[in-house]
Amino acid sequence: MKKKKGPIGSSKNKKLITSRRSFLQKSTLASMGMLLGTEMVFGNYFPANMIPVGLLESEDEFLVPGKHKELTVLNDRPINAETPPHLLNDPVTPANKLFVRNNGIPPKSVDPSNWKLTLDGESVKTEKTYTIQELKEKFEVVSYQLTIECGGNGRSEFNPPAKGNQWSTGAVGCPKWTGVRLRDVLNDAGIKDDAVYIGYYGADTHLSGDPDKVVISRGVPIKKALEAESLIAWQMNDEDIPALNGHPLRLVFGGWPASTSGKWLKRISIRNKVHDGPKMGGKAYRVPCEEVSPGSNVKDENMCIIESMPVKSLITYPKTGGLLTLGKPLKVNGHAWAGDLEVKEMHVSMDFGQTWQKATLNKRTNRLAWQQWEAVLNFPKKGYYEVWAKATDSKGVSQPMVVPGWNPKGYLNNACHRIAIKVV
Amino acid sequence: MNSGSFKKLEHALTWLKWWMTGLVALVLVGAFGGVDHLLEPKKESVPKVRDMAKTNSGDLFVADVENGIHIPSGMIAEGDFGVVLQNCLACHSSKLIIQNRMNAESWRKTIRWMQETQNLWDLGENEDKIVAYLGKHYAPIKTGRRKPLVVEEWYTIE
């Protein structure tokens, strides 16, 4: 990677990489600035356990905290990083390959043994507080493989462009989550008949440094909260949830915008109305109730909350940019998911969507888990190809080949994933 | 090209045929690939129109320009538009230009194709002016519903 002289945080789409330990032990912010040959603008915001990308000589030994070195970092305050498609090839997403979407600053010190979860709200029968140990002892512990995807995954393709992190395809993953069912805990505290929604509060802090300002507080309708797969989780893939993904406790709602799955979970409010925490209202995680032409101004009252995510798929093998010898068949594979629904069919095209070949599609391990698909392509002659993937959900709805309905914040782009192949 | 564009193109062609009494349109519409199957290009000389184009000054009537647009043609009235009006619109509709987007190199190739097959004259020093004007004002639009795939590094699949 080339040395960068620009101020830290000036690059929209860069890799942010932590240092070798030895480097950290010897370095200070000032010395890093000296090495860069320029002042570190916003240097006081720079995460303590990272080094500026400008000082990078070799990527070999550098990692984002707890993450694979090749994650693309879109934002460094708060940290937002996505996973390139070829790194998502595992059927169960490893912890180091799950995207990071933070709205604020994660809690700095976490003590799981003293962590408490409170249930309150207008529609709770009895306010209750539980330690993680109490959750483990009092309720059935369950594991599900659940797909979580950022509502803005794919935003980078919208035109006119939508503001926000310009996610391409990598703000999605499907690890195995372990915890207790949210409904068991809600029922233990008691749900009044007038309950409408649950809203979460986490221990992350606002970027402004204001300790009283809530970063994000979203939630789901009671119906979704009471599903068997809606979890209060403390483990991902049989280990502690990574710090950036919500350690020690978080909600997980498979198939819904990942912003509903609150991290560093401290409190759940059972509400007698649609939850009204920060990022529930306005244009956040909402799309126009009726489709609008690109670039339209949409009034807040005409925006509807996103619930289930749309049908979508990824080609995770091969990596885009493959050169293939003529006559060699190419096995392609990936995942497909469909929000609350199941994926019914999977197709691939090597001729820009003119003809489609049916792929084999596996059954999901449980509801709300993504499914694996595979196909073998035989390219007829030399030249440039794009392999496109298209999933169809159980209601017969397929992914569009172009970017779907424009919306002010650029949510829900489920256009076919494409990779480039040259037959030589 | 979608069917709507085809309809517009067809409409433009009909209009052009009528206007030029079938002389020029048939010669030049093929210049923009993909329409050859609509009309068989015929090579016919159009000395009157071309002589007029070459001898006219190409100066614009100020009254024809509103908000930077040359109203009769709908084209951007900036820079060397006068030269375009004189040399290009003498033979074909401005719509054939407006609905297309090319970089300078491709516009020059199109001129070369028209010279080789459609009897376009040697543009001399005006060629660079025309290419620069078209490459600037009718350049490819960078974003669409899907962007071209960008491959950072090609690798061999074993």
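In what follows, every chain begins at residue 1, and chains take the letters A, B, ... in the order their sequences are listed.
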Participant: Identify the two heavy atoms, one from B:P148 and one from A:R418, that lie closest to each other, and give their separation to 0.1 Å.
Facilitator: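 Scanning both residues completely, I find the closest heavy atoms to be CA-NH2, 4.2 Å.
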
Participant: Please look at B:E152 and chain A and tell me whether the side chain, the backbone, both or neither of the residue comes under 4.5 angstrom of a heavy atom of that chain.
Facilitator: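 Neither the backbone nor the side chain of B:E152 comes within 4.5 Å of chain A.
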
Participant: Chain B heavy atoms under 4.5 Å from A:K422: which part of the residue, side chain, backbone, both or neither?
Facilitator: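 It is both, since atoms from each part get that close.
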
Participant: Please work out whether the ring planes of B:Y133 and B:F81 are parallel, tilted or perpendicular, with thresholds of 30° and 60°.
Facilitator: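 Correct class here is tilted.
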
Participant: Do the non-hydrogen side-chain atoms of A:P160 and A:P294 ever get within less than 4.5 Å of each other?
Facilitator: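 Yes; the side chains approach each other to less than 4.5 Å.
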
Participant: Say you draw a straight line from CD1 of A:I79 to CG of A:L74; how long is it, rounded to the nearest 0.5 Å?
Facilitator: 12.0 Å

Participant: Looking at A:E70 and A:K97, does any basic side-chain N land under 4.0 Å from a carboxylate oxygen?
Facilitator: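 Looking at A:E70 and A:K97, the cut-off is not met.
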
Participant: Name the option with the most non-hydrogen atom pairs under 4.5 Å to chain B; the candidates are A:V424, A:I419, A:V402, A:T325.
Facilitator: A:V402

Participant: Taking B:E105 first and then B:K109, would you say they form a salt bridge - that is, a charged N and a carboxylate O separated by under 4.0 Å?
Facilitator: yes

Participant: If the threshold is 4.0 Å, N to carboxylate O, is there a salt bridge linking A:E157 and B:K147?
Facilitator: no

Participant: Tabulate, in ascending numerical order, the residues of residues 375-386 of chain A having at least one heavy atom closer than 4.5 Å to a heavy atom of chain B, or enter 'none'.
Facilitator: A:Y384, A:E386

